[in-house]
Amino acid sequence: KPITVSSILIGQGEILATPLQIANLAATIANRGYYYSPHVIKAIQDTIIPDTFNIQHHTMVESRHYDWIVKGMRAAVTGGTVTRTGNLDPEGITLCGKTGTAQNPHGVDHSVFMGFAPMDDPKIAVCCYVENGGFGATYGVPMGRVIMEQYLYGKLTNDGLNEANQLSRSGIRYDLKQTPEQKARAEKRAKEDAERAALAEQQAAERARIAKEREAQFQAQEREAEA
């Protein structure tokens, strides 16, 4: 339906995903089209791990199409909403990521980030979802950066430590209500979303009407030709 397409295009709508599913999506993009079944155990002494967890599950999208998504996620780091992550060291372990600000009608918005690193030889994919954290770059991005840095290096750099210390000093009040400004922005976004959805529905209806008229004209021409 047009209204469904419109809402999904702006990041809302009928698609629901857990943080684990989002992290797996990041892994799929990092691998250019395949993922492994998520699991929490890497090895068990004297036990063979089922092959189920070693099988690559491929999507139906050709790997070359993922290159564009990867470039976009890299651009978000170099000049977009993920610039706070930077590179993990001067030698350039390149991060790729995407922020999200999940609208919350009951209070402050949620902070979301997903990403992976390195760009061309991925080792880790993450998803950070912070309830009432606000913009994705506020909490999600620095958390994701610290997690990836610790995993890749086994320790934090000075920049990573600064981010971690800043996060440890931060606090989120989960009982906070929306400020009048936040409420006004949310109402404005909701109104704009409804207007876009209504316009898309009108356009779809108009296209359906035109198609129906053309079909009727085509059938009339066929009848005349047969006569």
Side-chain angles (χ1 to χ4, degrees), residues 17-45 47 49 52-59 63 66-102 110-172:
T18 66
L20 177 59
Q21 289 172 321
I22 298 174
N24 211 29
L25 172 61
T28 303
I29 296 171
N31 291 328
R32 278 60 166 181
Y34 71 87
Y35 65 92
Y36 295 95
S37 296
H39 50 284
V40 296
I41 296 174
K42 184 176 182 180
I44 303 176
Q45 184 176 353
T47 302
I49 300 298
T52 305
F53 301 108
N54 297 317
I55 296 175
Q56 294 181 0
H57 300 278
H58 290 262
T59 68
S63 60
Y66 284 94
D67 289 333
W68 292 103
I69 302 175
V70 171
K71 289 178 181 178
M73 293 178 69
R74 177 59 188 160
V77 173
T78 58
T81 55
V82 197
T83 51
R84 187 172 174 181
T85 59
N87 286 329
L88 290 189
D89 68 7
E91 296 181 5
I93 291 185
T94 51
L95 303 180
C96 296
K98 178 68 181 76
T99 59
T101 304
H110 308 310
S111 177
V112 189
F113 167 75
M114 79 169 195
F116 61 88
M119 175 179 175
D120 293 320
D121 185 23
K123 303 294 184 184
I124 180 174
V126 302
C127 171
C128 300
Y129 195 105
V130 185
E131 290 186 335
N132 302 124
F135 296 113
T138 304
Y139 283 100
V141 167
M143 284 186 180
R145 178 248 167 85
V146 168
I147 291 171
M148 287 190 281
E149 185 175 288
Q150 178 67 40
Y151 180 84
L152 291 170
Y153 293 154
K155 62 179 182 179
L156 295 178
T157 63
N158 289 335
D159 287 342
L161 283 172
N162 289 335
E163 290 284 9
N165 289 333
Q166 185 174 341
L167 285 168
S168 68
R169 292 191 297 267
S170 302
I172 298 175

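Hydrogens, waters and symmetry mates are skipped; everything else that's a heavy atom, side chains included, is used.
Rounded to the nearest 0.5 Å, atoms CE (Met114) and SG (Cys96) are 10.0 Å apart. Atoms OG and CD1, on Ser63 and Ile29 in that order, are 13.5 Å from each other to the nearest 0.5 Å. Interatomic distance, Gln150 CD to Ile124 CD1, rounded to the nearest 0.5 Å: 10.0 Å. From Thr157, atom OG1 reaches atom CG of Leu152 across 11.0 Å, with rounding to the nearest 0.5 Å. Here the CG-CG distance, from Asn162 to Leu167, works out to 11.0 Å after rounding to the nearest 0.5 Å. Going from atom NZ of Lys98 over to atom CD1 of Ile22 covers 11.5 Å, rounded to the nearest 0.5 Å.
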Enumerate donor-acceptor pairs with a distance under 3.5 Å from any side-chain N or O in residues 33-44 to protein atoms, sequence neighbours excluded.
residue, atom, partner, partner atom, Å
Tyr36, OH, Gln56, NE2, 3.3
Ser37, OG, His57, NE2, 3.2
His39, ND1, Ser37, O, 2.7

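In the displayed structure, Asn54 atom CG is contacted under 6.0 Å by more than 12 heavy atoms of other residues, nucleotides or ligands. Applying the 6.0 Å contact sphere to CZ of Phe53 captures more than 12 heavy atoms from other residues, nucleotides or ligands.
For residues 17-35, the salt bridge (Lys or Arg N to Asp or Glu O under 4.0 Å) pairs, not counting sequence neighbours, are Arg32-Asp67, Arg32-Asp120.
Asp159 is listed as a side-chain neighbour of Arg145, based on a closest heavy-atom distance under 4.5 Å. Counting only heavy atoms from C-beta outward, the side chains of Met73 and Phe116 approach each other to under 4.5 Å. For the pair His110/Asn132, a side-chain contact is recorded, criterion being any heavy-atom separation below 4.5 Å from C-beta on.
Considering every non-hydrogen atom in both Cys127 and Pro19, the closest pair reads CB-O, 3.4 Å. Closest approach of Gly97 and Val77 over heavy atoms only: N-CG2, 3.8 Å. Taking all atoms of both residues into account, the shortest heavy-atom contact from Gly115 to Ala26 is O-CB, 3.9 Å.
Among residues two or more places apart in sequence or in another chain, the side chain to side chain donor-acceptor pair (under 3.5 Å) test is passed with Thr99 by Thr81. With sequence neighbours excluded, no residue satisfies ring-ring contact (aromatic ring centres under 6.0 Å, His included) with Tyr66. For Gln21, the side chain to side chain contact (heavy atoms under 4.5 Å, CB included) criterion is met by Ala17, Thr18, not counting sequence neighbours. Among residues two or more places apart in sequence or in another chain, the salt bridge (charged side-chain N to carboxylate O under 4.0 Å, His left out) test is passed with Lys71 by none.
The closest donor-acceptor contact from the side chain of Ser111 to the backbone of Phe135 lies under 3.5 Å.
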